[in-house]
Amino acid sequence: MEMQNKIKHLLVYSTGFLLSMSLLSNDVFAATVSGKDSAIKVTKQVLENSSEGDNNQTQTSDTTSSENENQIIDNSAKISSDAELFTPESLQPTKLKLPSDDHTYYVTKTSNEDYFEIQIGENTYWIKSENLIASTENPSELTQKRNLAITTKSKFNIYSQRDNHSKILVEGTKDTVFKVIDVVQDYYVVSVAGVKGYIPFSDINIEYQKNSNVEVATNSVKMYEINGGKYKAKGTLVNGAVVKVAKSTTNYHIIQVGRQTFAIPKKGTIPTEKPVSLGSLIESTYPIKLTVSKTNSIYTSKGNKMGTIDKGQVVTLKGLKGSKGIINYMGKSGYVNLEYFNHSNMVDPTKNITYGMYNYYLRVIAQLYPEFTEVEKIGESVQGRSIYALRVGNGKKEILMDAAIHGREHMTTNVLMEMIDQYTVSYRKGTNYAGYNVKRVLDKTSIWFVPMMNPDGVTLVQKGINSMDSKYRANLKKYNHGSNNFNRWKANGRGVDLNRNFDGLWKYVAYTPKSYMNYKGTSAFSEPEAQALKSFVQRHHFKTDLSYHSSGQIVYWFNFQKGSNRTRDLKLAKSVGKITGYTVVPPLYYRGSGSSADWFILNQKKPGLTIEIAPYAGNGPVPHRYWSSVWNKNKSIGLFGANEACRR
């Protein structure tokens, strides 16, 4: 035993000596503890390690690995324990605290090895290294969607989710300015070192400036119109909608549009850098008053929902864009589905209805009432003006009503347009008109209206030679016998009388030179307008053609029908004569016609009536003073014709 102790002491001394020499050579020994004490400690450790044998290598490896795991590399770290944040360099406390968390944050080294740099809402802070632990994950890449600065209240929290009960990422006890990367419902979004953080609006001090933009940041806010100090609900603005406010009161934002004043609650809105949602109000060529039939949505030009408009509100339709109508909404252009609106008195039949009006009104009607109307372009005129037909009703049986084949007879367009105006209103409401249950009748027999068969001729009469394509002007004036007064013009845009161009035994029609009337063309259906109506008729199975002309207060019906067809057609003509008070013209046994109704009789073997609506007006349009009389005589004819056709 004594020998063993001597050997042990010798080993300690020898080891101490060798170690002392090594330390001395590195100038460490003299600056620290005595070589003897150090040698004893090291020797003891060596002996202990030696006695553990092979286990020593494993433990050393594990220790090294653990130290490496705690090293923060690639700027990724987690919060290992609650951490207070400090100002860079001065290291003053900021009154911001980050609770321990499993998120991976983006941190960077600083000039002080005891601290790392961390950014929150574009503000730079320092955090102690001891509060961080290395992470193998990568911080998120966040997209900057907004450019806003906000100021928090003196006490606030930043949450990990859009939920005030979710985990807190940052606790603050001092009002702080942050840059925002996004705004979501009821929350501002900031970057907390690469992690999305949510600050509730209730934790923010919000200030509004005069004549600035505000954004709806909740689901929706009510919109009111202020009139005489009273607030009347008009609809809503939804999340993301942006409006310009003139000023803000304690509870409301005030929006001034001309003489109109609107208000929305301040609660649920925020200042914004975004432009107003709706574009400048377009100028309307043909403004139409519409009433909201069902609360529905308002959209921006890009298709984003802006808000809603309440049932019963009256708005002005300013135009059409694709499948949407453009309405006056708080002095801006709002886009709506027109099927949730009703019209009343769209047209003014006491004045000329132009080509532009007629084709616009038909397209509007088709969008207002898609459940029982349909608009179809059936062709073009010589000068490229579109010819439209409109179906009203859902009946499988159909009748045709056409008008303004002659340019100067454009009051017939007014008659058909007023029928469309009144019939569609009654159909949607389910009411009676002119003694008929409109929906019941038109659910059995639909009416196809072609209100302007000759748009070039009508335009020439209404607007003169300068409204025509320049390449036709010289000849048109020539065919008008050199006159610039085109009031008497009946022909189309190149001098062909369309009611002489259909093949109702066209070859027997007398030839006359090109003129403002009666020239029959080079062949039957030589004109695109006549071709358009012919093709349209051949695609359908019309029971009746009621063709409107303007002068004489008479009804033509005969084109050599025989037997039961003759009896049927005469009965129909007499019924129309009885309703209107017009004279039914007896059979005229001269062969040859180019009229559309006569061609219809021969080609379709169905009744075709030519109805002349007014007293003889001479070589010009029917004066508007006759309108009331004309309308009262004809307002029920479309419904009568549809109802009569249903029986056949």
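Residues: numbered from 1 along the sequence shown. Keep in mind that what you see is a predicted model, and the values were worked out from it rather than measured.
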Under 3.5 Å, is there a donor-acceptor pair between the side chain of [X] and the main chain of [Y]?
X	Y	value
N643	V441	no
R473	N466	yes
S551	A617	yes
R488	N480	yes
K397	C646	yes
W448	V450	no
Q383	D469	yes
N328	G331	yes
T445	A645	no
T300	K302	yes

Answer yes if the ring centres of [X] and [Y] are under 6.0 angstrom apart, and no otherwise.
X	Y	value
Y335	Y329	no
F536	F542	yes
F502	F525	yes
Y360	Y286	yes
H549	Y556	no

- [ ] Look at K543 together with E398 and state whether they make a salt bridge at an N to O cut-off of under 4.0 Å.
- [x]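 No, no charged N to carboxylate O under 4.0 Å.
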Task: Carboxylate-amine/guanidinium proximity below 4.0 Å for E371 and R428 - done: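 Here E371 pairs with R428 in a salt bridge, since their nearest N and O are under 4.0 Å apart.
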To check you understand the geometry: which heavy-atom pair defines the closest contact between [X] and [Y], and what is its length?
X	Y	answer
I399	G638	CD1-O, 3.9 Å
A491	N454	O-ND2, 2.9 Å
Q553	P615	CG-N, 3.5 Å

Task: Worked verdict on F262 versus H253 for ring pair (Phe, Tyr, Trp, His ring centres under 6.0 Å) - done: CA-CA 8 Å; F262 300 91; H253 297 300; over 10 Å; no
Whether the [X] and [Y] side chains hold a donor-acceptor pair (N or O, under 3.5 Å, no angle test) is what I'd like checked.
X	Y	result
S547	D545	no
E527	Q531	no
N359	R385	no
K289	T316	yes

Answer whether the closest heavy-atom distance between the side chains of [X] and [Y] falls below 4.5 Å.
X	Y	answer
P621	N487	yes
T544	E644	yes
Q313	T291	no
L317	V364	yes
N634	Y582	yes
I298	I327	yes
V585	V555	no
E339	N296	no

TODO: Start with the C-alpha gap between Y369 and H343, add the side-chain angles, then the distance that decides, and say whether ring pair (Phe, Tyr, Trp, His ring centres under 6.0 Å) holds.
DONE: CA-CA 10 Å; Y369 311 114; H343 84 280; 5.6 Å; yes
TODO: State which residue, out of S526, S596, S595, fulfils the side-chain hydrogen bond (donor to acceptor under 3.5 Å, both in side chains) condition with N501.
DONE: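 With N501 as partner, S526, S596, S595 yield a single side-chain hydrogen bond (donor to acceptor under 3.5 Å, both in side chains), made by S526.
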Open item on the list: Just to verify, which of D497, N499, T412 counts as forming a side-chain hydrogen bond (donor to acceptor under 3.5 Å, both in side chains) with H406?
Closed with: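 So the option named by the test is D497.
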Once rounded to the nearest 0.5 Å, what's the spacing between atom [atom1] of [X] and atom [atom2] of [Y]?
X	Y	atom1	atom2	result
S446	L390	OG	CG	10.5 Å
L546	L572	CG	CG	6.5 Å
Y519	N492	OH	CG	10.5 Å
F486	M468	CZ	CE	9.0 Å
L290	L338	CG	CG	6.5 Å
W557	I611	CH2	CD1	14.5 Å

Task: Ring-face cation of K606 near F600 (centre distance under 6.0 Å, axis angle within 45°) - done: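 No.
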- [ ] Please confirm whether K534 makes a cation-pi placement over W599, using NZ or CZ under 6.0 Å from the six-membered ring centre and within 45° of the ring normal.
- [x] no
Task: Contact list for residues 569-579, test side-chain hydrogen bond (donor to acceptor under 3.5 Å, both in side chains), sequence neighbours left out - done: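 Non-adjacent pairs meeting side-chain hydrogen bond (donor to acceptor under 3.5 Å, both in side chains): Q561-D569.
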TODO: Decide salt bridge (charged side-chain N to carboxylate O under 4.0 Å, His left out) for E225 and K230; before the verdict, give the C-alpha distance in whole Å, the side-chain angles of both, and the deciding distance to 0.1 Å.
DONE: CA-CA 8 Å; E225 184 176 9; K230 295 182 179 180; over 6 Å; no
Open item on the list: Walk me through whether R408 and N619 qualify under side-chain contact (heavy atoms from CB on, under 4.5 Å).
Closed with: CA-CA 8 Å; R408 73 189 188 195; N619 288 335; 3.4 Å; yes
TODO: Test salt bridge (charged side-chain N to carboxylate O under 4.0 Å, His left out) on E376 and R539 and set out the steps.
DONE: CA-CA 12 Å; E376 179 182 340; R539 293 196 299 272; 2.7 Å; yes
Counting only heavy atoms from other residues, nucleotides and ligands, does the tally under 6.0 Å from [atom1] of [X] exceed 12?
X	atom1	answer
K324	NZ	yes
H541	NE2	no
K244	NZ	no

Open item on the list: Working note: K274 + E215, criterion salt bridge (charged side-chain N to carboxylate O under 4.0 Å, His left out); need CA distance, chi angles, decisive distance, verdict.
Closed with: CA-CA 8 Å; K274 288 184 176 181; E215 178 179 352; 3.7 Å; yes
Task: Aromatic plane relationship, H410 with H624 - under 30° parallel, 30 to 60° tilted, over 60° perpendicular - done: tilted
Task: Worked verdict on Y231 versus Y252 for ring pair (Phe, Tyr, Trp, His ring centres under 6.0 Å) - done: CA-CA 11 Å; Y231 285 59; Y252 290 93; 5.1 Å; yes
